[in-house]
There are 2 protein chains.
Amino acid sequence: MSNFEVLFDYIQEISGKLLSEDDKHLLMAHFKPKKLRKRQYFLQEGDVCKYIGFIVKGSARTFTVDEKGHENVLKLSVENWWLADFESFYLLTPSRFNIEALEDLEVLQSTNAQIEEFLKHIPAFSAMQNIISQNNTIATQKRMQAAFSYTAEERYEDLISNYPHFLKRFPQNVIASYLGLSPETLSRIRKNSFK
Amino acid sequence: MSNFEVLFDYIQEISGKLLSEDDKHLLMAHFKPKKLRKRQYFLQEGDVCKYIGFIVKGSARTFTVDEKGHENVLKLSVENWWLADFESFYLLTPSRFNIEALEDLEVLQSTNAQIEEFLKHIPAFSAMQNIISQNNTIATQKRMQAAFSYTAEERYEDLISNYPHFLKRFPQNVIASYLGLSPETLSRIRKNSFK
DNA sequence: ACAATAAGTTGACCTAAGTCAAATGTACTT
DNA sequence: AAGTACATTTGACTTAGGTCAACTTATTGT
């Protein structure tokens with residue numbers, strides 16, 4: 001299956017609508033394949049996030065670096081997710097985030113201006129956008145609640161049950177940062193949970 | 001200014017589009033004014049959030065209650081905000097949240113099915129929805145970052161600079177819970193910051 | 001295959017924030 | 001206006017999780 005077929009399937013499945021041949025040609029004309037090797041940056045702090053990427057293969061982390069050089073992972077992204085700092089992408093302001101490939105990464109990328117065109121002309125695309133933003137609203141609300149009202153251990157258990165594959169796929173220090181923990185603390189939690 | 005005029009102004013301003021007379025009639029036919037007194041619930045845990053409300057006057061808090069009876073404020077909402085548990089509202093599942101009026105509250109409310117109609121027939125309404133979900137994505141991302149990488153004191157300073165009116169308007173224990181702090185800790189932070 | 005670099009573990013210690021309890025202050029209700 | 005129910009403050013104490021450092025185990029690049 002080609003990269004574009006992955007994208008088409010995704011749009012059709014999420015939106016519940018079919019893409020016409022014209023729709024597909026429009027998408028193929030304006031999404032550009034891009035490959036990044038592990039450790040390469042999709043976005044660097046201070047730059048404007050000019051592209052949004054649809055992940056066909058691989059994974060990435062979105063993180064900030066605070067004054068003390070402490071890295072803070074906000075998001076982990078895998079296949080069939082969109083990759084961008086949406087604040088920077090929508091508002092065209094410099095980003096406070098870095099987005100780095102955790103594994104070799106293949107994306108299909110496009111610009112803000114192009115996305116506006118897709119939304120105007122492709123019904124399945126705008127239906128998709130609505131559903132994604134609903135899902136996003138829901139997911140972030142859950143994560144907020146978890147951050148505030150769960151203990152470190154509960155957040156880890158929660159991750160295990162919701163995204164078990166994350167644990168296999170990402171290094172433990174990345175998972176720790178994603179959970180808002182130091183690597184040492186996560187190491188200890190794991191040790192205890194084997195009893 | 002009538003309640004509906006507040007809503008019309010809001011939609012037009014956010015969307016950057018004008019509402020036709022027909023649009024306005026459609027909205028007036030399907031948004032129902034509703035008043036709640038302070039302490040009354042807009043939504044109770046376990047119920048499906050059947051209505052979305054546009055706040056014309058007053059304020060509300062969205063919170064959960066954990067096993068220990070500990071309340072956890074996730075959102076504070078004031079005039080010109082939408083009030084709902086979007087997860088429950090979109091998916092029609094029972095809500096894990098409570099929404100309670102903090103001050104006497106006037107909303108214009110409508111149902112999921114009606115909102116779908118508005119989105120279909122009123123261009124300004126769907127433009128508004130897109131912009132709101134963009135803003136929402138951005139705001140939640142910021143709040144997530146604050147929750148993970150700021151200290152209690154920094155989160156309080158942040159609130160002061162972003163929403164100074166919240167401090168005047170809401171009781172301190174509500175603010176504390178919103179910041180993910182015990183009331184005692186917030187009291188101490190405030191004491192220290194007067195030096 | 002072998003340094004070299006990074007990731008994970010473990011122990012000792014520290015600190016921010018939570019908990020409990022008592023005292024004071026404020027605001028609804030009748 | 002008095003009385004009851006909340007809010008806030010303060011102090012004493014506890015605890016979850018962070019920090020620093022030493023060590024072990026994996027990855028990575030040449």
Side-chain angles (χ1 to χ4, degrees), chain A residues 36-40 58-59 61 63-73 76 100-104 146-160 166-195, chain B residues 36-40 58-59 61 63-73 76 100-105 146-159 166-195:
Chain A
L36 291 179
R37 302 199 54 217
K38 188 171 175 170
R39 303 272 156 88
Q40 276 192 293
S59 59
R61 64 196 254 256
F63 68 100
T64 50
V65 182
D66 68 22
E67 323 77 60
K68 297 283 163 202
H70 215 118
E71 293 185 358
N72 210 274
V73 174
L76 293 172
E100 183 206 40
L102 286 173
E103 301 167 312
D104 290 354
F148 278 119
S149 56
Y150 291 5
T151 64
E153 198 156 351
E154 287 167 333
R155 273 178 276 152
Y156 178 66
E157 304 292 345
D158 209 49
L159 185 71
I160 291 179
F166 275 21
L167 298 171
K168 310 267 178 203
R169 194 159 179 184
F170 301 121
Q172 203 170 301
N173 60 350
V174 170
I175 299 281
S177 177
Y178 177 76
L179 292 171
L181 301 175
S182 68
E184 294 93 334
T185 298
L186 181 55
S187 173
R188 287 177 181 119
I189 287 172
R190 284 168 53 85
K191 191 181 169 193
N192 287 333
S193 68
F194 283 133
K195 282 189 304 203
Chain B
L36 291 179
R37 303 199 52 217
K38 187 171 174 169
R39 304 274 155 87
Q40 276 191 293
S59 59
R61 65 196 254 256
F63 68 100
T64 50
V65 183
D66 68 21
E67 325 77 59
K68 295 285 164 203
H70 216 117
E71 291 184 0
N72 211 275
V73 174
L76 293 171
E100 183 204 41
L102 286 173
E103 301 168 312
D104 290 353
L105 191 62
F148 278 117
S149 56
Y150 290 6
T151 64
E153 198 155 351
E154 287 167 334
R155 274 177 276 151
Y156 178 67
E157 304 291 345
D158 209 48
L159 184 71
F166 276 21
L167 299 171
K168 310 266 178 202
R169 194 158 177 185
F170 302 121
Q172 203 168 302
N173 59 351
V174 170
I175 300 280
S177 177
Y178 178 77
L179 292 171
L181 301 176
S182 68
E184 293 94 334
T185 299
L186 181 55
S187 174
R188 288 180 179 115
I189 287 171
R190 285 169 52 85
K191 192 180 167 191
N192 287 333
S193 69
F194 282 135
K195 283 188 305 202

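Order of the sequence lines fixes the chain letters, A, B, ..., with proteins taken first and strands second; residue numbering starts at 1 for each chain.
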Is the phosphate of [N] approached by [X] (side-chain N or O, under 4.0 Å from OP1 or OP2)?
X	N	result
A:Lys38	D:dT28	yes
B:Asn173	D:dT8	yes
A:Thr185	D:dG18	yes

**OP:** Ignoring hydrogens and angles, tell me if any N or O in the side chain of B:Asp104 forms a donor-acceptor pair with the backbone of B:Lys38 under 3.5 Å.
**Re:** yes

**OP:** Provide the closest heavy-atom pair for B:Ser177 versus B:Val73 in the form atom of the first, atom of the second, distance.
**Re:**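 Here B:Ser177 and B:Val73 meet closest at OG-N, 2.8 Å.
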
Go through [options] for me and flag the one nearest to the [X] side chain.
X	options	result
A:Gln172	C:dT9, C:dG18, D:dG18	C:dT9
A:Arg155	C:dG11, D:dG17, C:dC28	D:dG17
B:His70	D:dG18, C:dA7, C:dT19	C:dT19
B:Glu184	C:dT19, C:dG11, D:dT8	C:dT19
B:Ser182	C:dA17, C:dG18, D:dT9	C:dG18

Just the rounded figure in Å: distance from [atom2] of [N] to [atom1] of [X].
X	N	atom1	atom2	answer
B:Phe170	C:dT26	CZ	P	21 Å
A:Lys168	C:dA7	NZ	C1'	18 Å
A:Arg190	C:dG8	CZ	P	9 Å
A:Arg188	D:dA16	CZ	C1'	12 Å
B:Leu186	C:dA16	CG	P	17 Å
B:Asn192	C:dA17	CG	C1'	13 Å
B:Ile189	C:dA17	CD1	P	6 Å
B:Glu153	C:dG18	CD	P	13 Å

Original post:
Counting any heavy atom closer than 4.0 Å, what does B:Leu181 reach on the DNA or RNA strands: base, sugar-phosphate only, or nothing?
Top reply: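 Sugar-phosphate, no base atom in range.
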
**OP:** Remember a base hit wins even if backbone is also touched, and classify A:Pro183 as base, sugar-phosphate or nothing at under 4.0 Å, heavy atoms.
**Re:**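 No contact.
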
Original post:
For the atom pair CG (A:Asn173) and CD (A:Glu184), what is the distance rounded to the nearest 0.5 Å?
Top reply: 10.5 Å

**OP:** Could you say whether A:Pro171 or B:Arg37 is positioned toward the 5' end of DNA chain C, judged by the nucleotide with the nearest heavy atom to each?
**Re:**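 Closer to the 5' end of DNA chain C: A:Pro171.
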
Please report, to 0.1 Å, the donor-acceptor pairs under 3.5 Å made by any side chain of residues 146-155 of chain A, with sequence neighbours excluded.
{"unit_1": "A:Ser149", "atom_1": "OG", "unit_2": "A:Gln145", "atom_2": "O", "d": "2.8"}
{"unit_1": "A:Thr151", "atom_1": "OG1", "unit_2": "A:Glu154", "atom_2": "N", "d": "3.2"}
{"unit_1": "A:Thr151", "atom_1": "OG1", "unit_2": "A:Glu154", "atom_2": "OE1", "d": "3.4"}
{"unit_1": "A:Glu154", "atom_1": "OE1", "unit_2": "A:Thr151", "atom_2": "N", "d": "2.8"}
{"unit_1": "A:Arg155", "atom_1": "NH1", "unit_2": "A:Leu179", "atom_2": "O", "d": "2.4"}

**OP:** State, with a plain yes or no, whether a side-chain heavy atom of A:Tyr156 is found less than 4.5 Å away from one of A:Leu167.
**Re:**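 A side-chain contact under 4.5 Å exists here.
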
